[in-house]
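Shown next, in structure tokens, is the structure this report addresses.
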Amino acid sequence: MMRDITLGQYYPVQSPVHKLDPRTKLFGTLVLIVALFVADNVYCYGAAALFLFGIIAASKVPVGHIVKGLKPVLFLLVFSAAFNLFLTPGEELVHFWIFTITKEGLVRAGMMAVRLTFLVMGTSLLTFTTTPNQLTDGLERSLRFLNVVHVPVHEIAMIMSIALRFIPILVEETDKIMKAQMARGADFETGGLIKKAKAMIPLLVPLFISAFRRASDLALAMEARCYHGGEGRTKMKPLKYRTADRLAYLILLAFPTGVVLLRVLL
Amino acid sequence: MITLRQVEYKYQEGTPMETEALHKVSLEIRDGEFIGLIGHTGSGKSTLIQHLNGLVRATGGDILYNGESIYREGFSMKELRSRVGLVFQYPEHQLFEVDVFTDVCFGPKNQGLSKEEIEKRAREALSLVGIGENYYKKSPFELSGGEKRRVAIAGVLAMEPEVLILDEPTAGLDPRGRDEILGQLARLHRERGMTVILVSHSMEDVAKYVDRIMVMNHGCLVFDDTPRVVFGHYKELEEMGLAAPQVTYIAHALAEAGFPVRTDVITVEEAEEAILCTLNMDGVGRMEKADGEGR
Amino acid sequence: MGIIKAKNLIYNYIKRDEEEKVEEVNEAVKDVSLDIEAGQFVAVLGHNGSGKSTLAKHMNALLLPSEGTVWIGGMDTKDDDSLLEVRRTAGMVFQNPDNQIIASVVEEDVGFGPENMGVPTDEIWRRVDECLKAVGMTAYRRSSPDRLSGGQKQRVAIAGVMAMEPKCIVLDEPTAMLDPNGRREVIRTVRELNKKKGITVILITHYMEEVIHADRIYVMDEGEIAMEGTPEEIFGRVDELKALRLDVPQVTELAHGLRKKGVPLSPCILDVEELVGELVGIRKQRTAQ
């Protein structure tokens, strides 16, 4: 069940996008998000589509795989589209019972759906092409300026990468404890909400205990290997911009400029 | 009695990631048997035992419990799980209640029994694993590793299953802790006639306790016979990443070195007897007698 | 002084109630003194709860003595300034393979220790290459640890410690959660490191067959050292070991049983060839008479 979630799982293939510096990709994602919110006409969306699908093609991640990642946010997508569809005032197209669909509503719903879809596809593309470690490294470097205002950037990045490392282990553990309790007659499926919530106790208590045990073991293991925070630490794989990154930055700057121009001119 | 007919299990069936964990496994587990299940990690033995109480559903073939298919419509999996008790590896990780006694009551409570019956069963199960009343009100997390393990086993025993399956119940325990748990299992089997299936990596333990061994390799059941016969195939076992007990190798090494001795020994006692037998025939017997009188 | 030395080491686990009052004092280690020479392979045996893991954690300054002193490479572990130096002199491998691998890629995990020590990037790569090779895990360097077997994970953990270039490596029940093949893998790796690289090894375990090649064995019980000696000396005392909740390999047990029945075997036999050789010899003598 939990293994079906594709959102955020690294997709291991060799591609120019995979090889980019994580900071470049983070910046690209940011650019896409901003551009999508600035965009307000069909041409802008056309440009965004060109940009996004261009990167997807270069990343060698199958489109089908990315679309599958949309499943968990499908509800949100439909909900916000419907919201816009029925609640935008304007020129009436169809009317039945209490619902009115307007021309403006139709356009806005369509745009909203496209905007959200592109947003999710763009951000999941980031995680498909970047390992969790690269991602945290990139974040750590990009946000380093926050150290000035005493944000423990290194520690937060370390917590993130450890969390990512332990997710598969805890998923497996959940499955095992669930089965063990089912073998003792526990029932996780039937009954009302309260009964179901109560049935989770035999699963959650052991899971928490195990998570705490792992955390304290891990802390000990890190200490034993001389971990003492980010101070004086060197990197095995320091981040370095290469020619491809410089090129990517040019494209990344050209794209939002284009979107803004399209918005202003058309 | 549990019967498996051509049971197959494929992970992620129908996808390119499809992997076969069980391949056409057919076997019969008769009432009152003490069976050892061996195989290296990933051989399919854990998947196999999870089929026996319906936690994993076969993708092919059929499983019968007392002659009735467990996949028949209307068959109660809950009922099956209380008849076929399964103790997972490191079962102490599933303990969750405030005290030992309440935790052991969890299984029988799920069976929908009366309060008196639940408590009676919990008491009995705890005494079977040698946990005394002074432990009942302790938090399970205060106990030592071996004690926790025994409480967890009691949690399954309290459901009074007809068949008890244990996945490496002695993993991580010290030699004495191991002997205690195996001894208690042997007693359950002997005195209560419980059917016991023991999954183990220790050939020495299996040889000492069980009367039948099933060997899994790459999802197939490759041997299913008495320990003596199975360990006779020690060369094939080695190819599967398994082995025979050390004494079996000693006997073979002796025979090869020109010391005539039975080579089908599987326990230390048998080996001792066999070696003494050879020496006695040669006349060492006299010395042994003299030694015995002197003591 | 040896590489690891403990003098009158006492460690108490203190349990306090809500008001910080001492509720219970549990003496996990009572008055242990030992001296381990550099380059040795030392085993610490003992049943669960005998205090062996508590003792091990003192060798890496993860625990500090309640009383007495522990020196690692001549440094007192209680000295705050030498903490990191102590930890890179004596590296530590733990029991649960899953809970000591920090990174999501094998090679990055091996580089974790050197990164913490501030080793320059090029040097980290050199050490990672060398250590992965030493434990035979080079082929898996880009794998995720989740895809490895238990024995492979422990070898990665060993490489991670080796990359800190310690003089000594302490393994706290590294094989307790592994299957027999994984156990063999790990022990073979550790023995090789000891022989080829001259690393001092302290192996904590309750599996007897893992320690028959040790230079010296300490047996712990109730927080004290109950027995001490070479494998031959220790394994000759089968009945005493059993009283300490331990066991001996089948070959030793068989030889012990035969001796009790009057077969004139040597007092301690540790491997199959030895037993076979002696039995054949005894029989030749008997038949010749």
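Here is the naming used below: chain letters follow the sequence lines, and residue numbers restart at 1 for every chain. Keep in mind it's a predicted model, so treat the numbers as computed, not measured.
- The two residues Arg283(C) and Gly258(B) make their nearest non-hydrogen contact at NH1-O, 3.5 Å.
- Heavy-atom distances place both the backbone and the side chain of Leu173(B) under 4.5 Å from chain C.
- Atoms NE2 and CG, from His201(B) and Leu178(C) in turn, are 9.5 Å apart once rounded to the nearest 0.5 Å.
- Both the backbone and the side chain of Ile250(B) come within less than 4.5 Å of a heavy atom in chain C.
- Residue Ser144(B): no heavy atom, backbone or side chain, is found under 4.5 Å from chain C.
- When all heavy atoms of Asn48(C) and Gly172(B) are compared, the pair lying nearest together is ND2-O, 3.7 Å.
- Side chains of Leu254(C) and Ile275(B) form a contact here, defined as non-hydrogen atoms less than 4.5 Å apart.
- Contacts between Glu180(B) and chain C at a heavy-atom distance below 4.5 Å involve the side chain alone, from C-beta outward.
- Here Pro175(B) is the residue among Gly42(B), Gly241(B), Ala171(B), Pro175(B) with the most heavy-atom pairs under 4.5 Å with chain C.
- The nearest pair of heavy atoms linking Phe259(B) to Leu279(C) is CE1-O, 3.6 Å.
- By number of non-hydrogen pairs under 4.5 angstrom with chain C, the leading residue of Thr267(B), Asp174(B), Leu242(B), Val247(B) is Asp174(B).
- Residues of residues 241-251 of chain C placed with any heavy atom under 4.5 Å of a heavy atom in chain B are listed by number as Lys242(C), Ala243(C), Arg245(C), Leu246(C), Asp247(C), Pro249(C), Gln250(C), Val251(C).
- Taking CZ of Arg178(B) as the start and NE2 of His206(C) as the end, the distance is 9.0 Å to the nearest 0.5 Å.
- With respect to chain B, the highest number of heavy-atom pairs below 4.5 Å among Leu258(C), Thr175(C), Val280(C) belongs to Leu258(C).
- With a threshold of 4.5 angstrom between heavy atoms, Asp179(C) approaches chain B through its backbone and through its side chain.
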